[in-house]
Amino acid sequence: MNNLQIKKNPKVYDVCIVGSGAGGGMAAKVLTEAGAEVAMLEAGPDFDSSKGDMFKWPYQSPRRGAPTHRPFGEFDACFGGWEIEGEPYTLKEGTKFDWFRARMLGGRTNHWGRISLRFGPLDFKRKSLDGLGDDWPLTYDDIKPYYDRVDELVGIFGTKEGIYNEPDGIFLPPPKPRGYELMVKKACQELDIPVIPSRLSILTKAHNGRAACHYCSQCNRGCSTHSNFSSPSVLIPPAKKTGKLDLITFAMAREVTTDNEGKATGVSYVNAVDGLEYHVKAKIVILAASACESARLLLNSKSSRHPNGLANSSDAVGRYLMDSTGAGMGAIIPKLIDGIPHNEDGVGGMHLYIPWWLGDKKLDFPRGYHVEIWGGRTMPGYGFMGNFHKYNKILGELDGMARPNGGGGYGQQLKQDYRRMYGAMVGLEGRGEAIAMKDNRCTIDEEVVDKYGIPVLKFDYTWTDYEYKQAKHMHDTFEEVLDTMGGIPLWEKPTKEQGYGLLNPGRIIHELGVTRMGNDPRTSVLNKYCQAHDVKNVFVADGGPFVSQADKNPTWTILALSMRTSEYIIDQMKQGNL
């Protein structure tokens, strides 16, 4: 676009942050509290979860809360999804990749399970252990102090278990397990599989001015009392309080601008409301737009000094894309049929989970997975007990009275079947580590632009045999546990031809690795402080710097790394190096 058409803000900020989620929010808090003048660009609107849909009943919607523009239900807090009107992405032939984007203050911290796991000491040096991928240029001991401070700032419940590669944190008391979770635990004890309290960033006690969770179990809608973690609840308010943060909403970042020496000078963005292009000047730029969105910005930021995109002399920007593996199995538990009505809401997530327990065993796949538990008497909504007509025949078999046609039904009998089966379903979901592969990547599709005129990403991703074998192991484990509980599967176990039920990459929404850190500028984008090797005043503070993903959810590590990076920036500014 002609420079004459760009509306330039004359102010020069100390830092411009692109994105307001976990990494961007943490950076804003740390930097503003240190006195830096910060501009934050957010592609969507402002958001305050205290004004959300937490207490609405499904019947208050004409769709009973069904997915509309929000794939996880009408009342879900997240504005966005895998498909956003006017914001396409493309796939290389044969690729299946689902890219989830959030367009709102706080990004995807408004939509997540609050599973807040630290990476363990082994997770930072996997190549040294199994020869695959690369080790991180830092260790658990380097990041542990920041994990501790994130625990203390945000609040997290859990228990000290002393498991080496599942590091303990600074925990609030966990909620009591639900009945079906105790049944899972009992079955797992028979199989020598550990089950421990979850580690979720939801307050079970009042903490740092935020109220304790009231157990309405609707965390995905955004918390009206700010009792769970999201960036707008915990990180953005203190940054605003300093008076040093200028939040610019509906700002769709186009590129990082540079000077003749190749140093970043700010960020150009399109205003999503008026369609005009603007420019923010800054001495330092932090990309925290989500891993792939930050990679897209770097790749679109071409100049004579950076012909392959900004910070991309290594050709590593966009490469080593990762997402967690995902597979699941559900069953009817006959012992839970005709259950006594009771309140078991609790927090909006599991109270118990299964950490990876076979790290010392020789398996036919590397790395591991953890298991998440679901079930119980959740609030009925749209699609509740879907496909019920296919499996209520189980009641007939248990009663010794076969249903006509094997299942289905209508009227009073069908309603009674629903009541009897309510709360009798239990499921297990595996979330595992995929190996970082150089050719799993995103690039710019030079032939397609979004509605803002910005070239879009094209994905090229393939699961390896490692991930398929891991999914098979997941299903073998699920089958063993649910069978020990006396469960009757809700669907057939997936076969090899069905990929063992392994979900598409991107579906677990843990995109990582496309701006990886490393000591060698020839093979990595960033150094161990998430600073670009090629451009010293550009940093990345989302999931992009990850070298590997572990079998844990990434948010707690994104927060810790962002805190560490932000304090490094402050130190370098004081020394006059930035």
Side-chain angles (χ1 to χ4, degrees), residues 22-23 112-144 146-147 150-151 156 158 161 163-169 194 196 198-201 291 320-327 353-361 363 365-372 429-437 440 463-464 466-467 469-471 473-474 502 505-518 528 530 542-562 564:
W112 68 304
R114 274 82 192 183
I115 299 171
S116 305
L117 304 174
R118 300 182 180 207
F119 282 23
L122 303 180
D123 295 320
F124 293 95
K125 56 178 183 179
R126 286 294 181 187
K127 182 177 183 179
S128 296
L129 299 172
D130 62 25
L132 298 171
D134 287 290
D135 292 344
W136 291 57
L138 48 76
T139 67
Y140 175 75
D141 289 338
D142 291 326
I143 197 171
K144 179 185 182 301
Y146 300 94
Y147 278 137
V150 172
D151 287 357
I156 173 177
E161 300 288 337
I163 304 172
Y164 179 69
N165 206 45
E166 311 288 333
D168 295 327
I196 66 174
S198 298
R199 295 167 175 184
L200 306 187
S201 47
Y320 303 99
L321 174 60
M322 297 173 280
D323 183 40
S324 296
T325 55
Y353 88 110
I354 300 171
W356 179 235
W357 70 105
L358 296 173
D360 59 344
K361 299 293 189 292
L363 303 169
F365 62 93
R367 318 295 168 89
Y369 60 89
H370 72 260
V371 181
E372 302 171 11
E429 297 280 343
R431 299 288 181 262
E433 177 172 1
I435 307 301
M437 307 297 289
N440 282 341
W463 289 128
T464 72
Y466 297 139
E467 286 79 56
K469 289 177 179 178
Q470 186 189 87
H473 192 277
M474 288 180 187
L502 182 61
R507 210 69 196 175
I508 306 303
I509 321 179
H510 291 167
E511 66 182 74
L512 302 169
V514 287
T515 55
R516 58 168 20 199
M517 64 168 73
K528 64 181 179 180
C530 301
D542 48 32
F546 284 44
V547 179
S548 61
Q549 64 175 164
D551 56 280
K552 288 99 174 171
N553 303 46
T555 304
W556 226 238
T557 302
I558 291 173
L559 288 167
L561 285 175
S562 179
R564 182 174 183 266

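Along the sequence shown, residues carry numbers from 1.
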Next on the checklist: Any heavy-atom pair between the side chains of Glu467 and Ile435 that's under 4.5 Å?
Outcome noted: yes
Item to check | 4.5 Å side-chain heavy-atom contact, Met322 and Asn440 | outcome: no
Checklist entry - How about Tyr140 and Arg118: does a side-chain donor come under 3.5 Å of a side-chain acceptor? => result yes
Checklist entry - How long is the gap from NE2 on His370 to CG on Asn553, to the nearest 0.5 Å? => result 4.5 Å
Checklist entry - Looking at Pro121 and Pro167, what are the two nearest heavy atoms and their distance? => result CD-CG, 4.0 Å
Checklist entry - From Leu512 CG over to Ile558 CD1, what is the distance, rounded to the nearest 0.5 angstrom? => result 6.0 Å
Next on the checklist: Among residues at least two apart in sequence or on other chains, which ones pass ring pair (Phe, Tyr, Trp, His ring centres under 6.0 Å) with Tyr320?
Outcome noted: none
Checklist entry - Just by distance, do the side chain of Asp542 and the backbone of Gly23 share a donor-acceptor pair under 3.5 Å? => result no
Item to check | Where Ala291 and Glu511 come nearest, the two heavy atoms and their spacing | outcome: N-OE2, 3.3 Å
Next on the checklist: Are Phe365 and Thr325 packed together at the side-chain level, in the sense that at least one heavy-atom pair is separated by less than 4.5 angstrom?
Outcome noted: no
Checklist entry - To the nearest 0.5 Å, what is the distance between CH2 (Trp356) and CG (Asp551)? => result 8.0 Å
Next on the checklist: Run the side-chain contact (heavy atoms from CB on, under 4.5 Å) test on Tyr353 and Ile196 for me, step by step, so that the C-alpha distance in whole Å, both residues' side-chain angles and the decisive distance to 0.1 Å come before the verdict.
Outcome noted: CA-CA 6 Å; Tyr353 88 110; Ile196 66 174; 3.6 Å; yes
Checklist entry - Charged N to carboxylate O under 4.0 angstrom, Lys528 versus Asp142? => result no
Checklist entry - Do you know which two heavy atoms are closest between Pro505 and Trp463, and how far apart they sit? => result CD-NE1, 3.2 Å
Checklist outcome for this item: Rounding to 0.5 Å, atoms CH2 (Trp112) and OG1 (Thr555) come to a distance of 4.5 Å
Checklist entry - Hey, are the side chains of Arg199 and Lys552 touching, using non-hydrogen atoms and a 4.5 Å cut-off? => result no
Item to check | Residues in ring pair (Phe, Tyr, Trp, His ring centres under 6.0 Å) contact with Trp136, at least two apart in sequence or another chain | outcome: Phe124, Phe546
Next on the checklist: Quick check on side chain to side chain donor-acceptor pair (under 3.5 Å): which of Gln470, Glu433, His473 does Tyr369 satisfy it with?
Outcome noted: His473
Next on the checklist: If you define the side chain from C-beta out and look only at heavy atoms, does anything of Pro554 sit under 4.5 Å from Gln549?
Outcome noted: no
Checklist outcome for this item: Output for pair (Asp323 CG, Ile509 CD1), nearest 0.5 Å, gives 8.5 Å
Next on the checklist: Quick check for you: to the nearest 0.5 Å, what is the distance between Trp357 atom CH2 and Asn165 atom CG?
Outcome noted: 14.5 Å
Checklist entry - Would you say the side chain of Tyr164 lies within less than 4.5 Å of the side chain of Leu122, judging by non-hydrogen atoms? => result yes
Checklist entry - Is there a side-chain contact between Pro137 and Val547, using heavy atoms and a 4.5 Å cut-off? => result yes
Next on the checklist: If the threshold is 4.0 Å, N to carboxylate O, is there a salt bridge linking Arg367 and Asp123?
Outcome noted: no
Item to check | Which atom of Tyr466 lies closest to which atom of Pro366, heavy atoms considered | outcome: CD2-CD, 3.3 Å
Checklist entry - Any side-chain heavy-atom pair from Ile115 and Arg431 closer than 4.5 angstrom? => result no
